[in-house]
Each structure stands twice: as structure tokens, then as C-alpha cells.
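Below, read A as the first sequence line, B as the second, and so on, with proteins coming before strands; counting in each chain starts at 1.
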2 protein chains.
Amino acid sequence: MNMAMLSPFPAFATLSAQERKLIATASSPKIVAAGQPAFSEGDPTNHCFLSLSGHLKLVRTASSGEIVILGFVDPGEPFGLGVTHEIRRPASAIALRESKLAVWPIAIWRELQNEIPGLTLSVNHILEKRLFDLQERFVEMACLDVPRRVALAVLRLIDRAGRREADGVRIAFPVSRHDVAALTGTTLHSASRILVRWKRQGVIAGGRRTLLVRDVPALIRLATDPEADVSPWGQRR
Amino acid sequence: MNMAMLSPFPAFATLSAQERKLIATASSPKIVAAGQPAFSEGDPTNHCFLSLSGHLKLVRTASSGEIVILGFVDPGEPFGLGVTHEIRRPASAIALRESKLAVWPIAIWRELQNEIPGLTLSVNHILEKRLFDLQERFVEMACLDVPRRVALAVLRLIDRAGRREADGVRIAFPVSRHDVAALTGTTLHSASRILVRWKRQGVIAGGRRTLLVRDVPALIRLATDPEADVSPWGQRR
DNA sequence: CGCCATATTTGACGCAGTGCAAATAAGGCC
DNA sequence: GGCCTTATTTGCACTGCGTCAAATATGGCG
């Protein structure tokens, strides 16, 4: 791989050109089609990855069969780094769109980390961020009701992959109701009911596997205002 | 601090004696009384910590005022490392018993990381473990009912701080019903009801802020068997 | 363009778990 | 030992949201 490809990514910003070159030349390219996994739960942990373009989701299947989305991978982010502890992948990485990846055999990656201290620091940085993000979501899961969790999840999608458009902000990759549910720890059905309600109120729009937020401030209000929202389950008499 | 104090801790196992000495001499000792914070939510992130003895809990207060336990710190574990991203602490670290700590000013810690690549690798290791642990709990929160979450939380407490005793395994630090609730994302009341039920069944024992598990296999069954447990909310007629 | 598989929506229903209020227990301290 | 604070337990009414079942939309593809 050309070293130039690494330079624009913040994960490597602090490294010298020479170091980046060393890292880049050790990698192999890989292309994953939309819907396909870069790796799957249970696979042996043989490689480290960097997303060059596209988007992936990290998903995990609970013993009950339910699916949970642990996070997303944006272009420029390394992933599948969990190479110190686990011999097998604890989660799958599924491409949401065709994604170009750089791949390193784990042994090589370890060598690189030993030779380039700055690389380890970068990895550190990323792990820390992932940990803080998950802590955030964990607290939300523990304390907030479903509609608020959904609102926050959508807001997070916006600043991860929101593209401004004529009538709102569009999430740049496909998001199904099922994904929303897997992201917020609820069911497909509840997620649907909630989004339908907001659609009727004009806060969001979008059909099959697409999400367009028309009124971001309203969504923020729904997420944070303790008074906001009468849940979509209709008053019981 | 004496360098000998560092050697038994796995976080530093891969470092040379000389490196450990460098790290140790840069630290200051600190003692935190039971119930007191090593640092609190919102504090500026000025220091890194290592627990030498005792136990701490990492807690976070949600906007609603609810409290969530993000994790525990055992003797030998570094903590409060989130120094790359956050200028203010996202969580508090509260001592569950009197705890001895080693403390480094953050600037010094950064220097140490630069000089000792192996230290950064250790930190990496720890962050990775924390991340995987939290992912685990996240999935549980998303997929399991409250009694099962409580069972799993107690099991996790056992292999973190369980001491074998004549009639069971005791958790080595104080755990209130409130703590159990904060650990599993439920209410004090539900946690109490569940534990009372298990107490009557002879699975656990213990009063005020103590937990003694008398029948670990039964608890494992309650946690994992999909058939197990009729929830403590008593059949309604 | 029409068919088919896949997504989404919707309704009815019930229960796990919460909220509130209050009783009860258990230590710790003087 | 008795008092006071803090933790735990408990009853009851209520509801958020999961479950089940089914109708309906939608886009891709031949």
C-alpha cells in the first residue's frame, strides 16, 4: 500500500513519514462488499484492520440470539485490534457499504508496535475513546427509557455519518429499524413505533434502511428534555 | 516509592527492573479512606493512579441523578488513565475499603510512556480488557432480564473478590443492595426482592452491605439456564 | 412491469419491573 | 445497652414496552 494513504488519518498523524511508510508497506489491501464481514464472531484473531473507506458495524450475538451493535467503524479508524486478550473474535465486523481495508497479520502488527512507540500510543488513544463511548452508552442503557435512547442513538449517528442535505441531515449508510433496535437494546417493533411517531411529527423521514433527520433540534429536545415526548404507546384509559 | 512494590503487579511484569524503578520513583503514595474518592466526576484529569491495595469502584452519575457502576479496581490495577481524551474525569473512583495508591502527575506519566514503550503496551492491555469487559456487560444489559443480570454481576464479583469461607464464598468488600442495582441497571427495590428470594432458597446469605454466596453452581444456573428462576414478583392471580 | 423477498408498520394483550410509601432491621456510637 | 442513622425489606398499584400475530409497504430483479 502507498504510504500516502495513511497520512490523512488522525490515527497516524503523529508519526513520521518514514514510520508511516513502514506501516503502510507491511499492510495488504482488502475489499469487503456491503453486508459482508471483515471478520466474524469466533474467528481466530489473526489480523488487525484499518478502514480506508466505507463504514462497518461491530455486532455481537447474545446467547439468546439477539443482536447488539457495539459500535461503528468510520473511514480512517483502525479496528479488530483486540489482539492482546482474545484468541477468538468476540464480535463480527460487518461492512455497511463496500469498504476498503488495510490488513496486517497480527505478528507483523506486534512488531510494528514494538518498533514504533508512537503507534502504540495511537492505539491507546483509540481504545480509550472506544471505552469512553461505550461507558456513555452503558449509562444510557441503565438510566434512560427507550425513546430517549433511540433519540441519542440517532444523534450519535448524525455526528458520525451525517451528510447535510436540502431538507435535513442524512445518515450516510443504511440503517434498518432492526439496527436501531440493536443499537439501543430494544425490539424492532418498539423502534419502529417510535420512529413512526417522529416521522408523523416531521422530525425525521426516510424509508427502507434510510434515515433522514429533518429537525435536529427537535431530536435533541426529545433526547434530553425530561418533559419531552409522550411515548408512542398511546394512553391507556 | 520502593520499586519492589511494583514488581508483583502484572501490569508491570514485562518491564525490566530498571524501568520499574524509574516508574516507581516518579510516583507519590496516597491513602484513601473507605468511602472517599480518589478523584471525582468533573475533576481535572491531572493524575494517573495505581491501586496497591484495597478496592475501588468507578461510578458515574447520570443526568437523572441515578448512579451507575462502570467497574471496579483491584489491587495492582492502574486506573484513571483516561488522560488522552478527557480534560475532566467522566467518573468518580470511590474506595470501598481503605486503599493505598501510587499517583503520578499526568505530565510525568506521559514522559514515562514515551521513555518506556513497554509501559504503553501494558496500558494498552488494560484498556483492552476494560473495553471487552464493558462490551460483555453492555450486551447483558441489552438482552437479559434483571434477575439474570444480577446473577451475572454477583458471579463477576466472586471471581474479582471472592474469598472462600466455611459456608460459601464471601465478597471481600462491602456491597450494598444499592450497589447491586447500580451494577445491573435496576432499582434498589428490585435488587432487594431478587436477593431476598435467593436468600430464602439458600443460594446466598449476608446482611447489611455484605454478600456471601453459599451455592455458586446454583447461581450459575440462575444466570445461564433459560428455564431457571421464576422471577420474585410472585404469580399474580 | 410485475413478482418476491425483505422491511416496516400496526393492533391487542400481558407481565416484568418501577414508583411510592412505609415498615423493619442492623450496626455504630455514646 | 439504648438511640439514631442508614440499609433493607415489603405491599400495592400502575405502566412501559416486549410478545405474538398479521397486514402492508418497498425496492430489486428477472
note: Leu188(A), atom CG; dC17(D), atom P; distance rounded to Å ~ 16 Å
Rounded to whole Å, the CD1-C1' distance (Ile67(B) to dA7(D)) equals 15 Å
From CG of Leu195(B) across to P of dT10(D) the rounded distance in Å is 12 Å
Mind checking Pro147(A) for me? I need base, sugar-phosphate or nothing, with any heavy atom below 4.0 Å counting as a touch.
sugar-phosphate
To the nearest angstrom, the CG-C1' distance between Asp179(A) and dA7(C) comes to 11 Å
Close N/O contacts between protein and nucleotides 18-23 of chain D (under 3.5 Å):
{"unit_1": "dG18(D)", "atom_1": "OP2", "unit_2": "Thr186(A)", "atom_2": "OG1", "d": "2.4"}
{"unit_1": "dG18(D)", "atom_1": "OP2", "unit_2": "Thr187(A)", "atom_2": "N", "d": "3.4"}
{"unit_1": "dG18(D)", "atom_1": "OP2", "unit_2": "Thr187(A)", "atom_2": "OG1", "d": "3.3"}
{"unit_1": "dG18(D)", "atom_1": "OP2", "unit_2": "Ser190(A)", "atom_2": "OG", "d": "2.8"}
{"unit_1": "dT19(D)", "atom_1": "O4", "unit_2": "Arg193(A)", "atom_2": "NH2", "d": "3.0"}

Tell me what Ser192(A) touches on the nucleic acid: a base, only sugar-phosphate, or nothing, going by heavy atoms under 4.0 Å.
base
Smallest heavy-atom separation, Arg156(A) atom then Glu136(A) atom, equals NH2-CG, 3.9 Å
On a heavy-atom basis, the closest approach of Ile126(B) and Pro78(B) is CD1-CG, 3.3 Å
Note: Ser51(A) and Phe79(A) closest approach over all heavy atoms is N-CE2, 3.9 Å
Atom CG of Asp145(B) and atom C1' of dT18(C) are separated, to the nearest Å, by 15 Å
Only one of Val169(B), Ile204(B), Val203(B), Asp159(B) passes side-chain contact (heavy atoms from CB on, under 4.5 Å) with Val216(B), and that residue is Val169(B)
* May I have the step-by-step check of side chain to side chain contact (heavy atoms under 4.5 Å, CB included) for Leu183(A) and Arg137(A), ending in yes or no? => CA-CA 9 Å; Leu183(A) 212 42; Arg137(A) 284 179 66 197; 3.7 Å; yes
Between NE2 of His178(A) and C1' of dT26(D) the distance, given in whole Å, is 19 Å
### Message
Does Phe72(A) form a side chain to side chain contact (heavy atoms under 4.5 Å, CB included) with Leu157(A)? I'd like the steps, not just the answer.
### Response
CA-CA 9 Å; Phe72(A) 294 97; Leu157(A) 284 172; 3.6 Å; yes
Check Glu77(A) with Arg160(A), please: is the shortest side-chain N to carboxylate O separation under 4.0 Å? yes
In short, Pro147(B) meets Trp198(B) closest at the heavy-atom pair O-CH2, 3.5 Å
Could you go through Leu50(B) and Leu101(B), starting from their C-alpha distance and side-chain angles, then the distance that decides it, and tell me whether this counts as side chain to side chain contact (heavy atoms under 4.5 Å, CB included)? CA-CA 6 Å; Leu50(B) 170 71; Leu101(B) 313 179; over 6 Å; no
Contact check, residues 59-66 of chain A vs DNA chain C, heavy-atom distance under 4.0 Å, returns none
On a heavy-atom basis, the closest approach of Ala223(B) and Arg148(B) is O-CG, 3.0 Å
Rounded to whole Å, CD1 of Ile194(A) lies from C1' of dT10(C) at a distance of 14 Å
In numerical order, the residues of residues 197-209 of chain A whose heavy atoms come under 4.0 Å of DNA chain C are Lys199(A), Arg200(A), Arg208(A), Arg209(A)
Scanning both residues in full, the closest heavy-atom pair of Arg177(B) with Thr210(B) reads NH1-O, 4.3 Å
### Task
Using a heavy-atom cut-off of under 4.0 Å over every strand shown, decide if Pro174(A) touches base, sugar-phosphate, or nothing.
nothing
Taken to the nearest whole Å, CG/Leu144(A) to P/dT18(C) is 14 Å
